[in-house]
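Here is the structure we will look at, set down as structure tokens.
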Amino acid sequence: MYGFINQALQEFVIRESSFETWEEILKKANVDLGETNEFSQRRIYDDQNTVDLLRVVSETLGLSQNYILEKFGEIFFEYIQDAGYDNILNNLGGNLKDFFNSVDAIHEHLMFVFPGMRVPSFHAKDTPDGSGIEILYFSERAGLEYLVVGMVKSVASKIFNVVVNVELCEPVNQTEKSAWSKFLVTPESNSGINQMRQHCKQIQRMEQKLELVTLSSRISNQTFCQACPFHIMFDTDMVIYQAGVSLTRVLPSVKVGQTRVDEVFEAIRPHIPLTFDQILQFINKVYVVKTKEGLLDSATLTTVSEDDIGTLELPTMRFRGQMLYLPECDSMLFLCSPSVLNLDGLNEVGEYTKNLMHTHLASSKSDACRSPQVR
């Protein structure tokens, strides 16, 4: 993982003890950082370094690893704020639920700033009884759940001025390869619930505004497919019944009315199976999907996904965008754009920037959902 994460652990040790104790911990963990004994912010280090350091910190300070991870999470959030991301963090959402539903969009941006970063994923929803929220957390790295506990508490207190209790529950959406950890978050006082989720009056005002957006549709299916050249629309059986003109050109295997979404794509983020019910649960996420192997014509495309370079005989291609539920037809719309390694990749699949001018190359959340990202 990147050095800035371990810098937060260093800060925790210094606060609890001293820099001399940190130097002693580095020696015991056999981590050589040179003369400075400090991690470089933009360098990638072996995950095992962090695992070893956590173990030695626990032994040296006489604290449990879960306690250390929780405090580590609190300090890590402070570290991110001090690193210049405070304005972004303060505007991620109007409440704690919206905040954690927006974190993945920031991770998308950070993956361009820190290439090779393996980011976690978050999803928040109301509890069935309305007493708080549930936060789902996915990471390729096991054993960091209590770091999330500390982060949630820190976000709640520093951004929304509410003190919360965080309980780690049983894993959900568990498969052989992965699982989402679930956290139950409740306010210490009843007055804090409005800082954690939208209340009914807010939702009603939003629905009233949506009713005034348009009087009736003025766009034909053909025009929509040209205006949004990379999109698919599919029903509850996951059958694609509408697709953008550029997407069908890139993927001729997509047959409208016949092809299922899961026959063409697999989800990279969020880490869920591509079923209609799962997509509904994670509707507000930035989606990154990858074509299945063997669907693209040329074996020499540089549009190959970065995680496939040098590993696949047949290339794959990524699409990044947003899922939108269409209640009037009980269907899903995926508005997306291709994610290519360079501009030459667009030419190789018969596309040019003029076909993508309905979006802009930028790093905001909305652009991360709808814009082509050139790596």
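For this chain, numbers begin at 1 and follow the sequence in order.
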Looking at Gly143 and Leu69, what are the two nearest heavy atoms and their distance?
-> O-CD1, 3.3 Å
Thr275 versus Asp277, side-chain donor and acceptor atoms under 3.5 Å | no
Which word best sums up how the rings of Phe282 and Trp180 line up, parallel for under 30°, tilted for 30 to 60°, or perpendicular for over 60°?
-> tilted
Thr60 side chain vs Val57 backbone, donor-acceptor pair below 3.5 Å = no
Counting distance only, does the side-chain N/O of Ser17 pair as donor-acceptor with the main-chain N or O of Val13 below 3.5 Å?
-> no
For Asp129 and Thr127, run side chain to side chain donor-acceptor pair (under 3.5 Å): C-alpha distance rounded to whole Å, both residues' side-chain angles, the deciding distance at 0.1 Å, then the answer.
-> CA-CA 5 Å; Asp129 61 4; Thr127 57; 2.9 Å; yes
Could you tell me whether a side-chain N or O of Ser157 sits under 3.5 Å from a main-chain N or O of Lys153, the two making a donor and an acceptor?
-> yes
Check whether Ile279 and Val239 end up in the same hydrophobic cluster, where Ile, Leu, Val, Met, Phe, Trp and Tyr are linked by side-chain heavy atoms less than 4.5 Å apart.
-> no
Closest contact, heavy atoms only, Ile272 versus Ala267 | O-CB, 3.5 Å
Mutual orientation of the aromatic rings belonging to Phe76 and Phe72 [parallel < 30°, tilted 30-60°, perpendicular > 60°] | perpendicular
Treating Ile, Leu, Val, Met, Phe, Trp and Tyr as nodes and any side-chain heavy-atom pair under 4.5 angstrom as an edge, say whether Leu144 and Val148 lie in one connected cluster.
-> yes
Check whether any side-chain N or O of Gln7 sits under 3.5 Å from a backbone N or O of Phe39 as a donor-acceptor pair, and report yes or no.
-> yes
Go through the steps for Asn66 and Glu145 under the test side-chain contact (heavy atoms from CB on, under 4.5 Å), then give the verdict.
-> CA-CA 9 Å; Asn66 288 345; Glu145 289 80 10; over 6 Å; no
Distance only, no hydrogens: is a donor on one side chain within 3.5 Å (strictly under) of an acceptor on the other, for Asn95 and Asp98?
-> yes
Measure across Tyr287 and Gln278 and return the closest heavy-atom pair with its distance rounded to 0.1 Å.
-> OH-O, 4.4 Å
Given the rule that I, L, V, M, F, W and Y join up when any side-chain heavy atoms are under 4.5 Å apart, are Val163 and Leu184 in one cluster?
-> no
Would you say Arg118's side chain and Arg141's backbone share a donor-acceptor pair under 3.5 angstrom?
-> no
Within the side chain of Tyr45, is there an N or O that forms a donor-acceptor pair under 3.5 Å with the backbone of Ser40?
-> yes
Mind checking whether Val261 and Val256 sit in one hydrophobic cluster, side chains of I, L, V, M, F, W, Y counted as touching below 4.5 Å?
-> no
Please assess Leu295 against Val264 for the test side-chain contact (heavy atoms from CB on, under 4.5 Å), listing each intermediate value before the final yes or no.
-> CA-CA 8 Å; Leu295 295 181; Val264 183; 3.8 Å; yes
Among Gln10, Glu11, Glu16, which residue meets the side-chain contact (heavy atoms from CB on, under 4.5 Å) test with Trp22?
-> Gln10
With no hydrogens and no angle check, is any side-chain donor or acceptor of Lys292 less than 3.5 Å from a backbone partner on Asp262?
-> yes
Test item: His271 side-chain N/O and Glu140 main-chain N/O as donor-acceptor pair under 3.5 Å = no
Salt-bridge criterion met for Glu74 and Arg15 (N-O under 4.0 Å) | no
salt_bridge(Arg269, Asp104) N-O dist < 4.0 Å = no
Could you label the plane-to-plane angle of the Phe234 and Phe276 rings as parallel, tilted or perpendicular, counting under 30° as parallel and over 60° as perpendicular?
-> perpendicular
Would you kindly confirm whether Val51 and Leu53 end up in one hydrophobic cluster when ILVMFWY residues are joined by side chain heavy atoms under 4.5 Å apart?
-> no
Could you walk me through whether Glu23 and Lys27 pass salt bridge (charged side-chain N to carboxylate O under 4.0 Å, His left out), step by step?
-> CA-CA 6 Å; Glu23 292 181 316; Lys27 290 179 182 179; over 6 Å; no
Looking at Ser139 and Pro120, what are the two nearest heavy atoms and their distance?
-> CB-CB, 4.2 Å
Between OG of Ser331 and CD1 of Ile232, what distance do you get to the nearest 0.5 Å?
-> 11.5 Å
Would you find more than 12 non-hydrogen atoms of other residues, nucleotides or ligands less than 6.0 Å from Gln222 atom CD?
-> no
Nearest heavy atoms of Pro270 and Val286, plus distance in Å | CD-O, 3.9 Å
